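Since the structure is predicted, the reported quantities are computational estimates derived from the model, not experimental observations. Here is the naming used below: chain letters follow the sequence lines, and residue numbers restart at 1 for every chain.
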2 protein chains.
Amino acid sequence: MRLATLENETPDGRLVLVAPDGAYCASAPAPNLQAALEDWDAFAAAACSITTFPDSLDLARVRAPLPRAWQWLDGSVYPSHGALMDKVLGVDKPPVDHPLMYQGVSDTFYGPLQDVPMASEELGIDFEGEFGIIIDRVPMGTSAVDATRHIRLLVQINDWSLRALAGPEMKTGFGWLQAKPPCSMAPFAITPDELGDAWQDSRPHLHLRVSWNGKQFGDAFGGPMAYGFNEIMAHAARTRHLVAGTVIGSGTVSNENFRDVGSSCIAERRGIEIVDEGKPRTEFMRFGDSVRMEARLANGRTPFGNIEQKVVKA
Amino acid sequence: MRLATLENETPDGRLVLVAPDGAYCASAPAPNLQAALEDWDAFAAAACSITTFPDSLDLARVRAPLPRAWQWLDGSVYPSHGALMDKVLGVDKPPVDHPLMYQGVSDTFYGPLQDVPMASEELGIDFEGEFGIIIDRVPMGTSAVDATRHIRLLVQINDWSLRALAGPEMKTGFGWLQAKPPCSMAPFAITPDELGDAWQDSRPHLHLRVSWNGKQFGDAFGGPMAYGFNEIMAHAARTRHLVAGTVIGSGTVSNENFRDVGSSCIAERRGIEIVDEGKPRTEFMRFGDSVRMEARLANGRTPFGNIEQKVVKA
């Protein structure tokens, strides 16, 4: 099942089921995605019986599948990215035996084609290509094994970041706040079965092709997460319930051979330049710059659709 | 104006206006507080015309004034608390010229009398008495001066903390996640004018009396915030819009003479013991323990009502 949310002048938008070809849609049996997630089994049963898609899907009206959520928790579970960033930021972290994670702003997720307002070019504007999940309610203390069945939807996310603020905020111990403005989501939220064999051990086995101003920047593989999404969920749920509609991210998709496949964020490329050449060469984004992100299966299909958006002055 | 939210089997509860005596209430001209905040001027105008309070207020049915919010940002702006905690946690932070702040879980705020479920006694269960504000929409880039008029309501908060997790999470640079389960709120959200002269420079000039298992633990004064709430808001809004209903906290209320007035959290008392005696003597909370928090004006009035709740096993 593929779901999208259309603009309808309400904060949560209108939910539609998307046809396999991505060009047509049908009204979903819930007013919006948050409502669907709050009673997922009933929603899924009703949605399964819908097999005709009478309306053409206007991508210009597509918002984030979940335009706002009660909670957004972002992990950082690609070891090649974490190790490089610690090195170049001079962060001296003790080793931990759990996923690293922070809570970010969840009241706004930008749509896939929406311009993204930023306060200033001086803040080090960067994209971060990620995978994410949307869950139904997870009680406090749920194990990683039990968490798996609460993964209802997969999404593709651009976790916008302001790098001039990120390092200093880490050093306070309070984590990121100003460094993390709202994220964007690709058009379609999909049930895990849509990925077939490319969904393994709660990990998305797709390539994430990232282009910046029309030029390919990275094509990293989503598989090598140090922790599966079910383990990330169990970590988050240790001391709190997770409400239906909580969104959880993987952190920047990254591979050990990033020099070959490229990166999913500018900071990682700059990190490589610092290690290889002594200083960064690649600048951060400017107003008017665009980024495109598409996650591709081995057969070339792009199950989430594409993010393609421009940074503008707030 | 004093507002409370009553249980009505919906996630957001039912909003009421509370009489000056705190014993009676009237239906508010908005279904819930979130709705009121989204059109505050219209709400406030309609609410002003309500002068009779026909219903008795059943405190047992009172929830948090805002039982869930799109965003909860907690500062740490009492210098005496921050300096002591850094010292005893061994956190070596560079000095910063802005309020320290993290984003916490906002989908749940416990009511003032509700039992609070915690995962384990081994996690160092602690209370944190704080003041907070609830705002209407603040655009990105709003200055501290302009932020002031967006402070719509004041609240009193217990920011539950798990100290065994807090120090290690700070050292990762990602900040607190497991260390911060949902907070609680005192019964009444009040407009700033309810405090009269005790609301100065966006700071609450009240004493916060905290009792643990019936024994007074602290009575710190709210005035000496290093940053007013308007400055905290401007910091948060530098790179993001703040949606209506965003809740912002002061961090643990603390005074330089904490050896005389006591503390608003156990961690601070333990910190004093470490400094004075070489090691902490006071243990953290156990299941079945209770905490009471009341903010008092100089005339003895308690404008927010009282938090009085018990910790239980989740």
TODO: Please round to the nearest 0.5 Å and tell me the distance separating atom OH of A/Tyr102 and atom CD of B/Gln103.
DONE: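 Spacing of OH (A/Tyr102) from CD (B/Gln103) equals 9.5 Å.
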Open item on the list: Return the CG to NE2 distance between A/Leu165 and B/His98, rounded to the nearest 0.5 Å.
Closed with: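 If we round to the nearest 0.5 Å, A/Leu165:CG and B/His98:NE2 are 8.5 Å apart.
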Part of [X] within contact of chain B (heavy atom distance under 4.5 Å):
X	result
A/Met101	both
A/Leu242	neither
A/Leu177	both

Open item on the list: With a 4.5 angstrom heavy-atom cut-off, is it the side chain or the backbone of B/Leu162 that approaches chain A, or both, or neither?
Closed with: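 Contact with chain A is through the side chain of B/Leu162 alone.
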Open item on the list: Counting heavy-atom pairs under 4.5 Å with chain B, which one of A/Met140, A/Glu169, A/His241, A/Met170 comes out on top?
Closed with: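 Of the options given, most contacts go to A/Met170.
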Task: Among the listed options A/Gly141, A/Ser76, A/Gly104, the residue most often paired with chain B at heavy-atom distances under 4.5 Å - done: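 The answer is A/Gly104.
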- [ ] Identify, with sequence neighbours excluded, every residue that meets side chain to side chain donor-acceptor pair (under 3.5 Å) alongside B/Ser161.
- [x]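 B/Glu128, B/Lys180.
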Open item on the list: Looking at A/Lys87, I'd like to know if its NZ atom is crowded, meaning that more than 12 non-hydrogen atoms belonging to other residues, nucleotides or ligands lie closer than 6.0 Å.
Closed with: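 12 or below, so no.
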TODO: Give the member of B/Leu100, B/Leu73, B/Asp86 that has the highest number of heavy-atom pairs under 4.5 Å with chain A.
DONE: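 Greatest number of close heavy-atom pairs with chain A: B/Leu100.
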Open item on the list: With chain A as the partner, which of B/Thr239, B/Asp74, B/Val243, B/Val96 has the greatest number of non-hydrogen pairs under 4.5 Å?
Closed with: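 The candidate making the most pairs under 4.5 Å is B/Thr239.
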Distance-only donor-acceptor pairs under 3.5 Å for side chains of residues 105-115 of chain B, two or more places apart:
from, atom 1, to, atom 2, distance (Å)
B/Ser106, OG, B/Ala69, O, 2.8
B/Asp107, OD2, A/Gln71, NE2, 2.8
B/Gln114, OE1, B/Gly111, N, 2.8

Open item on the list: Whether the side chain of A/Gln178 engages the backbone of B/His235 through a donor-acceptor N/O pair (distance < 3.5 Å, no angle test) should be reported.
Closed with: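 Confirmed, A/Gln178 side chain pairs with B/His235 backbone.
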TODO: May I ask you to test the A/Leu123-B/Arg238 pair for a side-chain heavy-atom distance under 4.5 Å?
DONE: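 Side-chain contact under 4.5 Å: yes.
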